[in-house]
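Proteins get letters first, then strands, A, B, ... in listed order; numbering begins at 1 in each. Only heavy atoms go into these numbers, but all of them, side chains included; no hydrogens, no water, no symmetry mates. Keep in mind that this is a model prediction, so the values were computed, not measured.
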There are 2 protein chains.
Amino acid sequence: MKEPLGRAEAEEYASWFKALADATRIQLVSLLARRREPMTVGEIVEVSGVGQSTVSHHLKILAEVRFVLVERRGTSSLYRINENCVSCFPTAADVVMGKPVPEPPVCD
Amino acid sequence: MKEPLGRAEAEEYASWFKALADATRIQLVSLLARRREPMTVGEIVEVSGVGQSTVSHHLKILAEVRFVLVERRGTSSLYRINENCVSCFPTAADVVMGKPVPEPPVCD
DNA sequence: ATCGTTAATCGACGATAGTCGATACTTTAA
DNA sequence: TTAAAGTATCGACTATCGTCGATTAACGAT
């Protein structure tokens with residue numbers, strides 16, 4: 001029988017799911033996904049109604065697993081969905097099947 | 001343009017991902033997935049090395065989203081993976097594409 | 001160089017979540 | 001009915017997380 005996941009792998013898997021385990025982050029992802037163009041933090045703050053520092057905090061978490069990509073343009077930061085990461089994001093079936101934990105893809 | 005997810009839907013999505021956003025729960029799922037037969041809480045406690053009340057607590061969380069199914073047999077509780085739920089578990093792409101939040105499937 | 005704009009970081013607070021030991025509950029066996 | 005076994009729940013503690021306001025840092029314009 002195949003061995004169950006060790007603690008280290010389990011934590012790696014969990015860190016992926018943690019990125020989407022918050023309603024605010026789900027909303028930010030949903031918002032970015034519905035805009036063709038990248039959005040600045042200020043725009044996101046306006047539309048979402050969440051505080052600026054809070055938005056920045058959540059975007060950082062999403063960026064750490066490369067779910068979103070950031071590009072600095074002048075004094076602004078442009079955030080957009082990383083389509084590559086969306087497709088590499090692990091599924092529940094991956095956990096059950098014991099698939100190796102994906103690494104966040106390196107992009108631009 | 002399609003509307004981004006509202007708060008209520010975002011929280012429903014988040015509650016799915018929260019179920020797998022903990023390393024211990026990932027390990028329990030992984031363990032159950034690799035055993036053909038259902039396991040009792042006692043067996044899971046032995047193999048996982050986690051305290052009995054902690055195991056019970058995590059199994060309850062997994063059962064609430066029907067990721068695992070429980071069947072009482074005598075004084076024991078038999079837990080097993082719910083294959084239906086594994087396949088209906090939302091993916092990151094579902095969030096991005098604005099797919100309706102899945103309902104945990106009703107089983108047996 | 002300074003000022004204004006934008007975003008990231010810091011510090012603090014309350015809320016939530018994970019863990020454990022102890023206790024209560026449920027079911028079977030005697 | 002009692003006792004024993006197995007599990008769920010409770011209470012407490014700690015750690016982590018989400019949020020906000022304030023501050024700092026980075027950049028462009030004047």
Participant: Might you point out which heavy atoms bring B:Leu59 and B:Val68 nearest each other, and give the distance in Å?
Facilitator: O-CG2, 3.9 Å
Participant: If you take all heavy atoms of B:Pro102 and B:Trp16, which pair is closest and at what distance?
Facilitator: O-NE1, 3.0 Å
Participant: Between A:Ala19 and A:Ile61, what is the shortest heavy-atom contact and its length?
Facilitator: CA-CG2, 4.5 Å
Participant: Of the non-hydrogen atoms in B:Arg66 and B:Cys85, which two are nearest, and what is the gap between them?
Facilitator: O-CB, 3.0 Å
Participant: Can you tell me which nucleotide in C:dT6, C:dA8, D:dG18 comes closest to the side chain of A:Ser76?
Facilitator: C:dT6
Participant: Taking only the side-chain nitrogens and oxygens of B:Thr40, find out if one of them lies under 4.0 Å from OP1 or OP2 of D:dT7.
Facilitator: yes
Participant: Does A:Arg25 use its side chain to pair, donor to acceptor, with the backbone of A:Lys18 at less than 3.5 Å?
Facilitator: yes
Participant: What is the per-nucleotide protein-contact pattern of nucleotides 23-30 of chain C, from the 5' end, where B denotes a base atom under 4.0 Å from a protein heavy atom, S denotes such proximity for sugar-phosphate atoms only, and - denotes neither?
Facilitator: ----BS--
Participant: So does B:Tyr79 get a side-chain nitrogen or oxygen closer than 4.0 Å to the phosphate oxygens (OP1/OP2) of D:dG6?
Facilitator: no
Participant: At under 4.0 Å, does any side-chain N or O of A:His58 touch on OP1 or OP2 of D:dT19?
Facilitator: yes
Participant: What is the distance from CD1 of A:Ile44 to C1' of C:dA8, rounded to the nearest Å?
Facilitator: 14 Å
Participant: Select from A:Gly49 and B:Leu59 the residue whose nearest nucleotide in DNA chain D is closer to the 5' end of that strand.
Facilitator: B:Leu59
Participant: My understanding is that only residues two or more places apart in sequence, or in another chain, count here; which of them pass side chain to side chain contact (heavy atoms under 4.5 Å, CB included) with B:Val45?
Facilitator: B:Val41, B:Gln52, B:Val55
Participant: Which is more 5' along DNA chain D, the nucleotide nearest A:Thr54 or the one nearest B:Leu78? Just name the residue.
Facilitator: B:Leu78
Participant: Nearest whole Å is fine: how far is D:dG6 P from B:Glu43 CD?
Facilitator: 11 Å
Participant: Can a side chain N or O of A:Lys60 be found less than 4.0 Å away from OP1 or OP2 on C:dT9?
Facilitator: yes
Participant: Quickly work out the A:Glu64 CD to D:dC17 P distance and round it to whole Å.
Facilitator: 11 Å
Participant: Which pair of heavy atoms, one from A:Glu43 and one from A:Pro38, lies closest together, and at what distance?
Facilitator: OE1-O, 4.3 Å
Participant: What is the distance, rounded to the nearest whole Å, between atom CG of A:Asp22 and atom P of C:dA17?
Facilitator: 11 Å
Participant: Please give the angle, rounded to 10 degrees, between the axes at the start and the end of the helix from C:dA1-D:dT30 to C:dA30-D:dT1, where five pairs define each axis.
Facilitator: 10°
Participant: Atom CG of A:Leu62 and atom C1' of C:dA8: how far apart are they, to the nearest Å?
Facilitator: 16 Å
Participant: Report the distance from atom CD1 of A:Ile61 to atom P of D:dT16, rounded to the nearest whole Å.
Facilitator: 14 Å
Participant: Check the pair A:Arg34, B:Glu3 against side chain to side chain contact (heavy atoms under 4.5 Å, CB included), reporting the backbone distance first and the verdict last.
Facilitator: CA-CA 7 Å; A:Arg34 278 156 187 70; B:Glu3 286 296 309; 5.8 Å; no
Participant: Check for a donor-acceptor pair, side chain of A:Ser30 on one end and backbone N or O of B:Leu5 on the other, with a separation under 3.5 Å.
Facilitator: yes
Participant: Is it true that a side-chain atom of B:Ser48 and a backbone atom of B:Ile44 form a donor plus acceptor pair closer than 3.5 Å?
Facilitator: yes
Participant: Quick one: label A:Ser77 by what it contacts on the DNA or RNA (base, sugar-phosphate, nothing), any heavy atom closer than 4.0 Å.
Facilitator: sugar-phosphate
Participant: To the nearest Å, how far apart are A:His57 NE2 and C:dT6 C1'?
Facilitator: 19 Å
Participant: By nearest atom, which of the nucleotides C:dA7, C:dT19, C:dA17 is closest to the A:Val41 side chain?
Facilitator: C:dA7
Participant: Rounding to an integer number of Å, can you tell me how far A:Glu46 CD sits from C:dA7 P?
Facilitator: 10 Å
Participant: Counting side-chain heavy atoms from C-beta on, which of C:dA17, D:dT19, C:dT9 comes nearest to B:Lys18?
Facilitator: C:dA17
Participant: Does A:Ser53 reach a base, just sugar-phosphate, or nothing at all? Heavy atoms under 4.0 Å.
Facilitator: base
